[in-house]
Amino acid sequence: MFDALTGKLETVFKKLRGRGVLKEEDVKEALREVRLVLLEADVNFKVVKEFIAKVQERSVGKEILTSLTPGQQVIKIVHEELMSLLGGTQSKLHLSPNPPTIIMMVGLQGSGKTTTSGKLARNFKKDGRKVLLVPADTRRPAAIEQLKTLAKQVGVDAFVSESSDPVAICRDAKAHAERSLFDVVILDTAGRLQIDEPLMDELRQIKASVKPSEVLFVADAMTGQEAVNIAEKFNADIGFDGVVLTKMDGDARGGAALSVKAVTGKPVKLVGMGEKLDALEPFFPDRMASRILGMGDVLTLIEKAQETVSREEAEKLAKKLRKNDFNLEDFRDQLRQVKKMGSLESIIGMIPGLNKQKMADVDMQQGEKELKRVEAIINSMTARERANHTLINGSRRARIARGSGTQVQDVNRLLKQFVEMQKMMKMMKGGKMKNLGRMMGGRMPF
Amino acid sequence: MLNVIRSIRDGLAKTRKNIADKIGSLVLGEKIDETFLDELEVALISSDVGAQTTSLVLADLKERFKRDELGSPDQVRARLKTLLAEILASKTEGLKVTTTPFVILMVGVNGTGKTTTIGKLANRLNKDGKKVMLAAADTFRAAASEQLSIWGDRNDVPVIKHQEGADPGAVVFDAISAAKARNVDVLIVDTAGRLHTKSNLMDELKKVRRIIARELPGAPQETLLVLDATTGQNALSQARTFNESIGITGIVLTKLDGTPKGGMVFAITRELAIPVKFIGIGEGIDDLREFQAQEFIDALL
């Protein structure tokens, strides 16, 4: 996501790192590079200008001269400023103390409002809330159909209305939600250009009529310099409380994230990381700033691991490790947990020191395929074989290979590596969960 | 024709204003110096022209400035126009239906306006007396084929579709058979929006293209990449990757009515020599225009 930016800043600061004493010109040169990088990343030029000025002001002078490692000091300042530009702390959605909480989605056409609405509905449902999805886009052909389909996929209600007036639809939906005790109502409005006055007025009317607790501005992470004007206009005309940055799973550097926050003061609250309904993640300014500076995104990785490796499973595994009876069944569970964390690519993107450029020659797709293959091999074993791998003789191996569509050599390799893994586990007998990650990441037998 | 120019001019008014303001401010006593060129750089960058193309353009202007060839804002403006025109030069051409069935494959990242553009394109071709058919090969997004069907109804053209989640390859296979059987002139294939970084989805697109080529040698005659004009520098990355994967013959620049931008087409035509064929300037069925480089630049400056 911010890989390219990270890479370039790293190059810039390599120069700084290598020097004992830091001069004003050095800072200036580094910042000139930072400026170009930010511009290429689609950060708005005005925002860049302010940012550079701030960093320069803070870098040149006492603070930097008294520092033992001036290069690191500059990185720290850039990082801090970047962080505060991104919003400082993480912002959550406002939930109304008196349900229903009404969330209104606004934005340009194609920014991803409907998909995000579906993802939000899924998240709320996961938290055990009763959600109503309201298709208020009466303009785009089949937009209502799209949201209804998403509602069905997520398993929440969609508000059905005969009306063609978005304001009336939203008002009726609110009344319906109040009567039927819904916890959350998500209003999916039509995409519109910020210069389309009648449509902007329609949004104002909806907002005035239903008084949402949260208006979310949905912005495409690939947006260029215009992001500033779009966001400013939406904020001035309608007023929003937070931003959802979509399509962050692409290779756009996402400068729009910086711009929007800088000009509206409204935080990015959520990030769209893919087309699937579970691909909506919280936005963490501090992590994002770290990521930009090449410090990786370890926290997100840890959080993902926590979410996917449930406590009980973890305890069960720890117990097994202590008793030395880690078998193929457990191994398969681990594989599945890794898979739940997301694609290998997204996991690797979060590990510090491993950026995409450096990993370019590693074929992630291939890795994913291997994971699948390993799982297929284990799936083709009987429960007894999984519990005790020593049972697996030559003919069983041949059967497993046939069953999983692999070669006997593949089965052999898996078993050999599994045995090695078992040995390793013995060595760290009594090991705690903190080692699990390393095992899962580093010693996967493929 | 006047209407066309006006709507494009209106659409691009903000871009024009932005750059013109920079150049215009010279008249108010400012002289052409380094500061002015820096300002010009900002103006170009703020139109999403991109750092590289901007520095190329500026290098030329600086060179001429040193040689005292640029004394007045008008001269700067003229030179800038020439420079930008050179970048777009001879890289604009319309869409000519040369054989039948003529297959147009529409691709792009999510939310750029592929389906809407198809609706407008079908309308254009219809008006030219062509028999058009649409293929709903976006089987992924919820209700995508319904959306295309509505455009089909509006244009009174048939839409070949399968169920959601079906194989897009199967859709195009059926569509081509149907197009041949019904003597269709133009078959427009709608595909699911996909981020160019997802190699499995790009592979799927390659497969769709392969099936088209296999079933109808020489097809698709046009593969159009639909780009959102509000997109920044990532547009180049999109164009590059789609071009490498399936070969792009032209670009459709959409949503040009709301944004003053579109500057990234300079970087794309400069690097990839892919012509811009159409621009989308509104949500109406008639809001698709043939791209005219001179017009675009005139509106810009």
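Small disclaimer: the values here were computed from a predicted structure and weren't measured. Sequence lines set the chain letters: A, B, ... in the order given, protein chains first and strands last, and positions in each chain run from 1. Reckoned from all heavy atoms, side chains included, excluding hydrogens, waters and symmetry mates.
Interface residue A/Leu108: only side-chain heavy atoms are found under 4.5 Å from chain B. Neither the backbone nor the side chain of B/Leu236 comes within contact range of chain A; no heavy atoms are under 4.5 Å apart. At a 4.5 Å heavy-atom cutoff, A/Leu147 makes no contact with chain B through either its backbone or its side chain. The parts of B/Thr231 that come within reach of chain A are both its backbone and its side chain, each placing non-hydrogen atoms under 4.5 angstrom from that chain. With a 4.5 Å cut-off on non-hydrogen atoms, A/Arg192 does not touch chain B at all.
Residues B/Lys255 and A/Gln109 come closest through the heavy atom pair NZ-O, 2.7 Å. Closest heavy-atom contact between B/Ala142 and A/Gln146: O-CG, 3.0 Å.
The side-chain heavy atoms of A/Met222 and B/Gln238, taken from C-beta on, include a pair separated by under 4.5 Å. Counting only heavy atoms from C-beta outward, the side chains of B/Thr230 and A/Ile230 approach each other to under 4.5 Å. B/Thr197 is not listed as a side-chain neighbour of A/Asp249, based on a closest heavy-atom distance of 4.5 Å or more.
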Side chains of residues 41-52 of chain A: which donor-acceptor partners sit under 3.5 Å, not counting sequence neighbours?
residue : atom : partner  : partner atom : Å
A/Asp42 : OD1  : B/Gln233 : N            : 2.9
A/Asp42 : OD2  : B/Gln233 : N            : 3.0
A/Asn44 : OD1  : A/Lys46  : N            : 2.9
A/Asn44 : ND2  : A/Gln225 : O            : 3.2
A/Asn44 : ND2  : A/Gln225 : OE1          : 3.4

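Between A/Leu39 atom CG and B/Thr54 atom OG1 the span is 9.0 Å, to the nearest 0.5 Å. With rounding to the nearest 0.5 angstrom, the CG atom of B/Asp257 is 6.0 Å from the CD1 atom of A/Ile195.
No more than 12 heavy-atom neighbours from other residues, nucleotides or ligands sit within 6.0 angstrom of CD on B/Gln52.
Using a 4.0 Å cut-off between a side-chain N of Lys or Arg and a carboxylate O of Asp or Glu, B/Glu283 and A/Arg139 qualify as a salt bridge. Salt bridge present: B/Glu41 and A/Arg35 bring a charged side-chain N and a carboxylate O closer than 4.0 Å.
In terms of heavy-atom pairs under 4.5 Å with chain B, the best-connected choice from A/Gly191, A/Ala221, A/Gly224, A/Pro141 is A/Pro141. For the options B/Ala51, B/Gly113, B/Ala143, B/Ser55, heavy-atom pairs under 4.5 Å to chain A are most numerous at B/Ala143. By number of non-hydrogen pairs under 4.5 angstrom with chain B, the leading residue of A/Ala142, A/Ala227, A/Ser111 is A/Ala142.
Although no hydrogens or angles enter the test, the distance criterion places no donor-acceptor pair under 3.5 Å between the side chain of A/Lys247 and the main chain of B/Leu195.
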